[in-house]
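Values below: all heavy atoms of this structure, side chains included; hydrogens, waters and symmetry mates excluded. These numbers come from a predicted model, not from an experiment. Proteins get letters first, then strands, A, B, ... in listed order; numbering begins at 1 in each.
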Number of protein chains: 2
Amino acid sequence: MKKSGSDGRTRERLSREAIADGAVTLADAEGLEAVTIRRLAKDHGVSPMALYWHFKDKDLLLDGIADRLFNDVDLPPVSADPWPEQLRGVLEALLAALRPHPAVAGLVTSRSLISEAGLNIAERTLSHLRQAGFSPEQAAELGGYLLGAVVTLVTSEPGRRHGDDEEAHEDAVRVKAASLGALSPRRYPNIIASAGALAACASPDAYYRLGLDMLITGISGIATAPAKPEAETAP
Amino acid sequence: MKKSGSDGRTRERLSREAIADGAVTLADAEGLEAVTIRRLAKDHGVSPMALYWHFKDKDLLLDGIADRLFNDVDLPPVSADPWPEQLRGVLEALLAALRPHPAVAGLVTSRSLISEAGLNIAERTLSHLRQAGFSPEQAAELGGYLLGAVVTLVTSEPGRRHGDDEEAHEDAVRVKAASLGALSPRRYPNIIASAGALAACASPDAYYRLGLDMLITGISGIATAPAKPEAETAP
DNA sequence: ACCTGAACACCGTTCAAGT
DNA sequence: ACCTGAACACCGTTCAAGT
């Protein structure tokens, strides 16, 4: 009776994957600060020390969570499309994997190069940036930056849920919009005009589209190579 | 004898500012995870509970740290320059304030609207985005995103120091570059080409210039209003 | 190989109390 | 108004031990 996991399934043997999965599920429901060795152990019906056999310490467990997220990324196949389209496809795939898990999305930023799946994403990103004409140094800087930017998009979506229930969330949004709207109109006219949008996101899809547009437009704008590969010869 | 602060100055009376200052200094030296109520109290030669009179809980102390950072931002005066230049000036001012404090820079992302100084920066950013022709909703989304992007630039500068001493840092960079260089050249040719730049940043100034160029170019590229205000009439 | 129990050195925070 | 002391319910982690 006390041998079943927190989600009701009968307890299988513990594994790195099961632990990382449980950590993501817990973070989705109660936030990253709830992800604790002891809490995870309790949810798996196991002693806290059991986890230490699978992960040497908590930081390596966080690495495992990041790796799990990178594995959810479904990279589009390489194609003959212009590089901006292909780069956008990569970022969209990353975004799709991170959006369901805003509480842990921030973990991936510093961990792409220590995850097998993360390396593939980095490699693809770098290859498109090199097609754009950037040097290896610039590609490295921009690639790291693009990963961080996608994470930022997810973790600072206006009005992101705090793990509250539906009603408490709506209340919080209303309160925030009202308090912004009550600022001095002389000093903060633009904040007041944007108060509603700063408190919550009317259309997440539009928000993410705008963010990706900005990123791809920015990269294209500073690139030195043409977007279309067919134009082989220049004047 | 035991009544002086950790930095050797004679202990003044405790204040919110002094506590926030101490927290930033400590984070700069030993990282955010060293910033603890108890450690801060010890550094100030005071009991842990003393801090609770000035900040109701730790989260409010983190708000105070973010506020301290926003206060370091030296916003350029409003001018008649085209909006992209002015927007860049705002982002540069923010960047200059955050660069010295990478360990706590991430705290500002979600706190701009609860800090007096943060509100000013948000207002300025929104005003330039409105000049660019964006709607209040788009301006809100892009403004929050630009703040996050600048933070990302700072917190994920390649080869960021970990609080180690000079030598340990260089060793870590060398090891990282070597391990990236040892990857399979067939599967990761671009990572290998960029290995050095992924492990450390040869020129931080060039890195930040490239990042800001990308952001401003991106915003300009998706904007609907002309960059120059003198072109009042369009065909 | 996989897991447990007891113990250690930490946390944030509450509460009653002191000046 | 400003600070202390003792106590509580947590942390991550080590170590020796069990199967």
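Arg187(A) has a carboxylate O that lies under 4.0 Å from a charged side-chain N of Glu116(B), or vice versa, which qualifies the two as a salt bridge. A salt bridge does not link Arg99(B) to Glu157(B): none of the charged side-chain nitrogens sits closer than 4.0 Å to a carboxylate oxygen.
In this structure, the side chain of Arg68(B) does not engage the main chain of Ala20(B) through any donor-acceptor pair within 3.5 Å. Listed for the Glu123(A) side chain is a donor-acceptor partner under 3.5 Å among the backbone atoms of Ile191(B).
Between His54(B) and dC3(D) there is a side-chain polar atom (N or O) within less than 4.0 angstrom of OP1 or OP2.
In this structure, the CG atom of Leu32(B) is 11 Å from the P atom of dG12(C), given to the nearest Å. Atom CE of Met49(B) and atom P of dA7(D) are 13 Å apart (whole Å). The CD1 atom of Ile37(B) sits 7 Å away from the C1' atom of dG12(C) (whole-angstrom rounding). Separating the OH atom of Tyr52(A) from the P atom of dT4(C) is a distance of 14 Å, rounded to the nearest angstrom. Spacing between atom NZ of Lys58(A) and atom P of dA9(C) amounts to 21 Å, rounded to whole angstrom units. The CZ-C1' distance, from Arg38(B) to dT4(D), rounds to 13 Å in whole Å. Rounded to an integer number of Å, the gap from CG of Asp59(A) to P of dT13(D) is 8 Å. For the pair Phe55(B) CZ and dC2(D) P, the computed distance is 13 Å after rounding to whole Å.
Across the strands present, dA1(C) finds its partner in dT19(D); the criterion is a Watson-Crick or G-U wobble pair with both atom distances under 3.5 angstrom. In this entry dC10(C) has no Watson-Crick or G-U wobble partner, no candidate having both defining distances under 3.5 Å.
To the nearest whole angstrom, the two C1' atoms, one in dA16(C) and one in dC3(D), are 13 Å apart.
For Thr36(B) and Ala50(A), each mapped to the nucleotide of DNA chain C holding its nearest heavy atom, the one lying further toward the 5' end belongs to Ala50(A).
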